[in-house]
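Lettering of chains follows the sequences in order, A, B, ..., and the numbering in each one begins at 1. Since we're looking at a predicted model, the values are computed, not measured.
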There are 2 protein chains.
Amino acid sequence: MKNRITELRGERDWTQADLAQRISVSRQTIIAIEKGKFDPSLPVAFRLAKVFGLTIEEVFLDEQ
Amino acid sequence: MKNRITELRGERDWTQADLAQRISVSRQTIIAIEKGKFDPSLPVAFRLAKVFGLTIEEVFLDEQ
DNA sequence: CCGTGATGTAAAGTGTACTTTACATCAGCC
DNA sequence: GGCTGATGTAAAGTACACTTTACATCACGG
């Protein structure tokens, strides 16, 4: 499942460590999600959408 | 994380087995999610929202 | 009654989300 | 050249999402 996290994070000039702290996960988790190593859990997905002020559907691409 | 799955499934007169089949998970997974035993993964959450014709935010309640 | 369908519980196993720690690389700066 | 910050990789461990199988309960129709 693709996502726009690297892009959205860049727009806000946040480092991976910044974002990790904002949503209470480790930096490794951010790296893994950005690199597509795995999908976040639903609660983490909600926190990511919220921190960017977007909906989950706007952050994660449902490529069917 | 609360969800409206039991309610939405009921409105459509689908059994747990029906819904499980439609989104390609086991019936146990539906039971566990309805009973709040755990949250679905993001891909399963997307499939649930899609099968109900709603957004993830409309199916899952982000109680902060 | 008895059978059937829908819902539920339990347990054991597999895979994945997430953590912590440690180290590598690369760019920019002084 | 050496320091620092940002990004990345790797590995080991924990917690949780999901599966399969098996069995219990309860409502309903015949």
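Here C/dT20 presents its C1' atom at 16 Å from CD1 of A/Ile30, a figure rounded to the nearest Å. To the nearest angstrom, C1' of C/dA17 lies 13 Å from CZ of A/Phe60. Following rounding to the nearest Å, B/Glu34 (CD) and D/dA17 (P) show an atom-to-atom distance of 16 Å. Put simply, NZ on B/Lys35 is 8 Å from C1' on C/dT7, counting in whole angstrom units.
A side-chain hydrogen bond (donor to acceptor under 3.5 Å, both in side chains) check over residues 34-44 of chain A, counting only residues at least two apart or in different chains, returns the pairs A/Thr6-A/Glu34, A/Arg9-A/Glu34, A/Gln16-A/Glu34.
When all heavy atoms of A/Asp62 and B/Lys50 are compared, the closest pair comes out as OD2-NZ, 3.8 Å. Heavy-atom minimum distance, B/Arg47 versus B/Ser24: NH1-O, 3.5 Å. In plain terms, the two heavy atoms of A/Arg4 and A/Leu61 that are nearest each other are CG-CD2, 3.7 Å. Contact between A/Glu57 and B/Ile56 at its shortest, heavy atoms only, is OE2-N, 2.6 Å. Residues B/Val59 and B/Ala49 approach most closely at CG2-CA, 4.0 Å, considering heavy atoms.
The environment of CD in B/Gln21 is sparse: at most 12 heavy-atom neighbours from other residues, nucleotides or ligands sit within 6.0 Å.
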Please produce a list of atom pairs where a protein N or O lies less than 3.5 Å from an N or O of nucleotides 10-16 of chain C.
none

Below 3.5 Å between N/O atoms, which protein atoms pair up with nucleotides 27-30 of chain D? Just atom names and distances, please.
none

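Looking at residues 8-27 of chain A, you'll see A/Ser24, A/Val25, A/Ser26 sit with a heavy atom under 4.0 Å from some atom of DNA chain C.
Comparing B/Ile31 and B/Pro43, the nucleotide of DNA chain C nearest to each residue sits closer to the 5' end for B/Ile31.
Rounded to the nearest 0.5 angstrom, B/Thr29 OG1 and B/Phe38 CZ are separated by 5.0 Å.
When the side-chain contact (heavy atoms from CB on, under 4.5 Å) test is applied to B/Arg22, the partners found at least two apart in sequence or on another chain are B/Trp14, B/Val51. In this structure B/Glu11 satisfies the side chain to side chain donor-acceptor pair (under 3.5 Å) test with no other residue, sequence neighbours excluded.
The side chain of B/Ser41 contributes no N or O atom lying less than 4.0 Å from OP1 or OP2 of C/dA17.
Cluster annotation: B/Ile5 is connected to B/Leu42 through the hydrophobic network of ILVMFWY side chains, with a link wherever side-chain heavy atoms come within less than 4.5 Å.
Counting any heavy atom pair closer than 4.0 Å across all strands shown, B/Thr29 reaches a base atom.
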